[in-house]
Amino acid sequence: MSRNASYSDYREMLDEIARRYDKARAGYEFDFKTEIEPFLNKYKVLADQLQHMPTDDRLTETIREVMSDELMELLMSCHVSRFSLRLYHEKFKYINMWVNHAGEEGLL
């Protein structure tokens with residue numbers, strides 16, 4: 001994904017995070033080498049690109065940095081069944097809100 005990511009790339013990633021977390025909570029054990037590592041390699045690019053997306057009055061540089069950090073944590077934690085459901089929802093909701101904002105404002 002060397003090109004700039006689009007809104008649909010982020011939507012696809014968020015859908016995959018939700019699927020993986022649901023699967024982990026249901027007891028599925030992900031294999032690091034064959035499932036987690038390729039997933040992280042694919043989507044960490046999107047987390048990095050958040051740092052370079054244009055800003056507006058609401059989506060500031062600081063928010064972009066926090067979004068990127070939160071997304072990286074979510075990308076790793078969605079594979080762990082013991083990751084707090086409350087914390088997962090907080091992080092997912094935060095990233096989802098800003099991705100939607102960036103999409104609506106044409107920043108993605």
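Numbers here are sequence positions counted from 1.
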(request) Write down the atom of Leu75, the atom of Cys78, and the distance for their closest heavy-atom approach. (result) O-SG, 3.5 Å
(request) Rounded to the nearest 0.5 Å, what's the gap from CE on Met72 to NZ on Lys91? Could you check? (result) 12.5 Å
(request) Quick one: closest heavy-atom pair of Ala24 and Ser81, and the distance? (result) O-CB, 3.1 Å
(message) Contact between Tyr43 and Leu14 at the side-chain level, heavy atoms closer than 4.5 Å - yes or no?
(response) no
(request) Of all the heavy-atom pairs spanning Ala47 and Ser68, show the shortest one and how long it is. (result) O-OG, 2.8 Å
(message) According to ring-ring contact (aromatic ring centres under 6.0 Å, His included), does anything in residues 49-74 pair up with another residue at least two apart or in another chain? List the pairs.
(response) none
(request) Indicate the atoms forming the closest heavy-atom contact of Met67 with Leu50, along with that distance. (result) CE-CD2, 3.5 Å
(request) Apply side-chain contact (heavy atoms from CB on, under 4.5 Å) to Asn41 and list each qualifying residue two or more places apart in sequence or on a separate chain. (result) Glu37, Lys44
(message) What's the separation between atom CD in Glu61 and atom CD in Gln51, rounded to the nearest 0.5 Å?
(response) 9.5 Å
(message) Test of understanding: with side-chain hydrogen bond (donor to acceptor under 3.5 Å, both in side chains), list the residues that count as partners of Tyr7, not counting sequence neighbours.
(response) Asn100
(request) Mind checking ring pair (Phe, Tyr, Trp, His ring centres under 6.0 Å) for Phe92 and listing every partner two or more places apart, or none if nothing turns up? (result) Tyr88
(request) Without swapping roles, check the side chain of Asp69 against the backbone of Val66 for a donor-acceptor pair under 3.5 Å. (result) no
(message) Closer than 4.0 angstrom, basic N to acidic O: yes or no for Lys42 and Glu16?
(response) no
(message) I'd like to know if the side chain of Ser6 pairs up with that of Ser8 as donor and acceptor (distance under 3.5 Å, no hydrogens or angles considered).
(response) yes
(message) Applying salt bridge (charged side-chain N to carboxylate O under 4.0 Å, His left out), can you list everything that pairs with Arg11, at least two apart in sequence or on another chain?
(response) none
(message) Glu65: which residues meet the salt bridge (charged side-chain N to carboxylate O under 4.0 Å, His left out) condition with it, sequence neighbours left out?
(response) none
(request) For residues Leu46 and Tyr10, report the shortest heavy-atom separation together with the two atoms involved. (result) O-OH, 2.7 Å
(message) Nearest 0.5 angstrom please: Glu73 CD to Phe83 CZ, how far?
(response) 5.0 Å
(message) Quick one, Phe30 and Lys23 - any side-chain contact, counting heavy atoms below 4.5 Å?
(response) yes
(request) Report the residues that fulfil side-chain hydrogen bond (donor to acceptor under 3.5 Å, both in side chains) with Arg82, sequence neighbours left out, ordered by chain and then residue number. (result) none
(request) Under the side-chain hydrogen bond (donor to acceptor under 3.5 Å, both in side chains) rule, collect the residues that match up with Arg64, sequence neighbours excluded. (result) none
(request) Check salt bridge (charged side-chain N to carboxylate O under 4.0 Å, His left out) between Glu35 and all other residues, then give those that pass, not counting sequence neighbours. (result) none
(message) To the nearest 0.5 Å, what is the distance between CG on Leu108 and CH2 on Trp98?
(response) 12.5 Å
(request) Sequence neighbours left out, what passes side-chain hydrogen bond (donor to acceptor under 3.5 Å, both in side chains) with Asp48? Give chain and number order. (result) none
(request) Side-chain contact test, heavy atoms from C-beta onward, threshold under 4.5 Å: evaluate it for Arg58 versus Ile63 and give yes or no. (result) no
(message) Just to verify, what does Glu105 make a salt bridge (charged side-chain N to carboxylate O under 4.0 Å, His left out) with, not counting sequence neighbours?
(response) none
(message) Going by ring pair (Phe, Tyr, Trp, His ring centres under 6.0 Å), name the residues that satisfy it together with His89, two or more places apart in sequence or in a different chain.
(response) none
(message) To the closest 0.5 Å, what do you measure between NZ (Lys93) and CE (Met97)?
(response) 8.5 Å
(message) Can you tell me how far apart CZ (Arg20) and CG (Asp15) are? Round to the nearest 0.5 Å.
(response) 13.0 Å
(message) Run Met13 and Leu71 through side-chain contact (heavy atoms from CB on, under 4.5 Å) and show every step you take.
(response) CA-CA 10 Å; Met13 177 198 59; Leu71 179 54; 3.6 Å; yes
(request) Might you point out which heavy atoms bring Leu107 and Thr55 nearest each other, and give the distance in Å? (result) CD2-O, 4.2 Å
